[in-house]
Amino acid sequence: MRDFSIQRLVISLAIAAVVMLLLPLGMNTFVLTPLLIYGLLGMSLGLIWGFGGILCFGQAAFFGLGAYVYAISAINIGESTFPMLLAILIPAVFAAILGAMMFYGRLGDVYLGVITLVVTLIFFKFMNSTAGPEYVIGTARLGGFNGIPGFQTLNVPGMADEYIYGDSLYYVTFVILVLVYWLVNGLLQSPFGRIAIAIRENEQRASLMGYDIRARKTTLFAIGGAIAGLAGALYANWAEIVTPGLFSLGQTAEIIIWCIVGGLGTRLGPILGAAGLGYLKFLLGQQAFLDNAIVMGLILVLFVLFLPKGLIPAIEDIWSLSVGKRRRRRPARRRKRRALSNG
Amino acid sequence: MDLAAVIVVETVYIIASLVLISAGLAIVFGMMKVINLAHGEFMMMGGYATITAVHLGVNIYVAMLVIAPLVVGLIGLVVERLVIRYLYGRLVDTMLATWGLSLFFVGGVTMIFGNTTTGISTPIAGVSVGDYQINGYNFFIIIVAALLVLAIWLVLKGTRIGLIARGTMQRADMADALGYSPDRIYMATFFAGSAISGLAGAVLAPLVGLVPSSGGNYIAKAFITVIAGGPSVIAGLLSSSTIFGVVNQFFTFAISPVFGEVALLVAAVILLRLLPQGITSRFFRGKM
């Protein structure tokens with residue numbers, strides 16, 4: 001509970017509020033909302049990869065699952081409160097089952113990556129093939145490659161006609177992002193979070209201390225799935241259509257790139273990485289000369305080679321080198337002098 | 001009876017194409033422990049190299065069997081020198097870097113060739129079996145896959161180069177002490193792996209409409225076949241290709257092609273859960 005105090009909470013809430021009110025002055029909220037959603041999605045992988053050491057190649061599976069669950073249940077129910085909850089719950093349960101299967105089997109890093117990747121592909125292939133009229137859940141047709149359009153979008157809880165869209169969707173998303181950020185923060189400072197980091201650092205040592213690694217990793221994985229599902233539901237509300245593209249390899253790769261670029265093991269890094277690269281992608285989409293994938297690919301390769309810790313830790317390093325040096329130099333000199341006079 | 005023959009040929013063909021798809025990756029992963037996620041893009045570029053060469057008037061077999069492997073092998077060489085050699089021994093980092101490369105290649109090919117489907121027709125006519133028609137090109141793929149596996153086996157087991165390569169993969173420091181440069185051997189192995197990926201992509205190119213993102217269709221299959229195969233390069237490749245090929249064909253004929261693909265992926269997940277180190281960690285131990 002070291003970093004957690006009322007003062008810090010107030011300051012960061014104030015910063016968040018100022019950022020929330022200032023951002024729409026410079027940019028369209030229609031562009032801003034997906035950036036926030038990407039931030040949320042980046043945070044979900046940042047949590048399980050950066051703090052839990054679980055490299056999941058299938059975060060897009062939970063994202064897409066959240067979006068699809070929201071769309072399907074919104075068509076069937078017609079009011080958005082319960083579908084939103086379902087879109088968090090079902091990906092979480094699915095992640096828990098998948099995680100339990102992998103962690104109780106004590107699979108290594110690479111095998112975990114393969115299985116999560118394959119699960120994402122299964123969703124992608126299956127959803128692409130559901131064009132026929134026999135693929136129906138309730139009254140919702142899955143629609144194959146064309147996806148599901150025309151579902152009830154987010155509304156004020158209890159009032160199905162009061163839609164939340166445009167500017168208000170932006171504010172709602174921002175509040176959700178800040179809320180989830182603080183929940184994740186609290187989780188990481190709780191004993192559960194500290195032990196998750198211990199497991200990341202040395203799994204064997206943590207298990208010898210008596211912690212049940214498998215259960216803890218599964219829980220963390222499920223939490224990551226829940227956040228990704230929430231991001232998916234919000235994305236469905238913003239785009240007003242869900243397509244199998246949400247499950248694509250490109251989507252999964254992007255989430256990983258966000259985390260690497262922003263900085264693994266930092267809380268803010270994946271969010272900023274996601275929003276920043278999302279905006280870069282938006283800018284690149286406006287010109288036809290350079291293909292998007294070339295830039296994203298180059299960024300990933302260059303970061304892995306030259307800046308594997310990501311931007312935020314690198315900036316912190318530079319900061320502590322330039323500012324921290326002056327503070328640290330004096331005691332060192334004194335010690336040296338003492339050593340000289342002793343000798 | 002005719003149907004049975006068709007099913008047998010189709011199943012062998014699926015197994016052969018899985019072998020082809022995975023062989024390049026199996027060499028790079030099985031011997032160097034480098035997971036090349038740009039493998040699918042190497043195959044895609046092999047396909048594009050073939051099509052470009054054929055449009056320039058080169059004989060299709062020369063284009064497939066000589067030009068494509070050389071072009072992709074050279075690309076692999078450049079990639080190894082510029083990126084991968086700094087990442088040996090860092091499994092997760094190589095995965096991420098090669099994933100970046102794969103995006104880069106998709107983007108590059110899109111810029112050069114455009115985001116449209118290209119293709120060439122198969123050079124071999126169909127074969128009739130009773131009431132059914134089999135694509136004659138399937139036999140060509142089966143033969144190429146068989147020859148490829150045989151060639152890999154002969155080179156690794158029978159030649160001095162293969163011996164040096166295998167020795168280096170086991171103990172790079174000992175090979176170094178005996179006067180062989182591990183750096184060069186890794187480079188050569190990666191070249192060979194890329195060239196085989198290029199060959200596979202070229203041979204499969206007439207069967208598919210090629211788009212810059214075609215690599216994504218191959219990479220997952222190649223990846224799971226190699227990982228499920230386990231530590232032995234050839235035995236692992238053959239055993240996992242056989243299992244996945246049979247599962248795929250069974251569900252394809254029983255339900256639909258999409259279900260065949262999905263069943264293959266589900267089988268992979270189950271197999272990895274049961275044998276996390278791959279098939280050859282339990283069976284065919286110590287074989288090549």
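Quick caveat: nothing in here was measured; it's all calculated off a predicted structure.
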Audit row: B/W99, A/T252, side chain to side chain contact (heavy atoms under 4.5 Å, CB included) steps and yes/no: CA-CA 11 Å; B/W99 203 341; A/T252 286; 3.6 Å; yes

For the [atom1] atom of [X] and the [atom2] atom of [Y], what is their distance to the nearest 0.5 Å?
{"X": "B/L103", "Y": "A/L300", "atom1": "CG", "atom2": "CG", "answer": "7.0 Å"}
{"X": "A/F303", "Y": "B/D93", "atom1": "CZ", "atom2": "CG", "answer": "14.0 Å"}
{"X": "A/L117", "Y": "B/L37", "atom1": "CG", "atom2": "CG", "answer": "7.5 Å"}

Take atom [atom1] of [X] as the centre, draw a 6.0 Å sphere, and report whether it contains more than 12 heavy atoms from other residues, nucleotides or ligands.
{"X": "A/R205", "atom1": "CZ", "value": "no"}
{"X": "A/Y104", "atom1": "OH", "value": "yes"}
{"X": "B/F253", "atom1": "CZ", "value": "yes"}
{"X": "A/Q204", "atom1": "CD", "value": "no"}
{"X": "B/F259", "atom1": "CZ", "value": "no"}

If I measure from the heavy atoms of chain B, does [X] come under 4.5 Å with its side chain, its backbone, both, or neither?
{"X": "A/L302", "value": "neither"}
{"X": "A/I260", "value": "side chain"}
{"X": "A/L55", "value": "side chain"}
{"X": "A/I256", "value": "side chain"}

Heavy-atom closest pair, residues [X] and [Y]:
{"X": "B/G107", "Y": "A/I294", "value": "C-CG1, 3.4 Å"}
{"X": "B/R273", "Y": "A/M101", "value": "NE-O, 2.6 Å"}
{"X": "A/L305", "Y": "B/L82", "value": "CD1-O, 4.2 Å"}

From CA spacing to verdict: side chain to side chain contact (heavy atoms under 4.5 Å, CB included), A/F126, B/L265: CA-CA 11 Å; A/F126 177 72; B/L265 298 174; over 6 Å; no

Contact leader toward chain A among B/F223, B/F105, B/F104, where contacts are heavy-atom pairs under 4.5 Å: B/F104

Leading residue by heavy atom contact count with chain A [cutoff under 4.5 Å; candidates B/V266, B/I227, B/L264, B/L274]: B/I227

Under a 4.5 Å heavy-atom cut-off, does chain A meet the side chain of [X], its backbone, both or neither?
{"X": "B/L91", "result": "side chain"}
{"X": "B/V258", "result": "side chain"}
{"X": "B/L87", "result": "side chain"}
{"X": "B/V92", "result": "side chain"}

Side chain to side chain contact (heavy atoms under 4.5 Å, CB included) between A/L249 and B/I219, intermediate numbers included: CA-CA 10 Å; A/L249 282 184; B/I219 183 62; 4.1 Å; yes

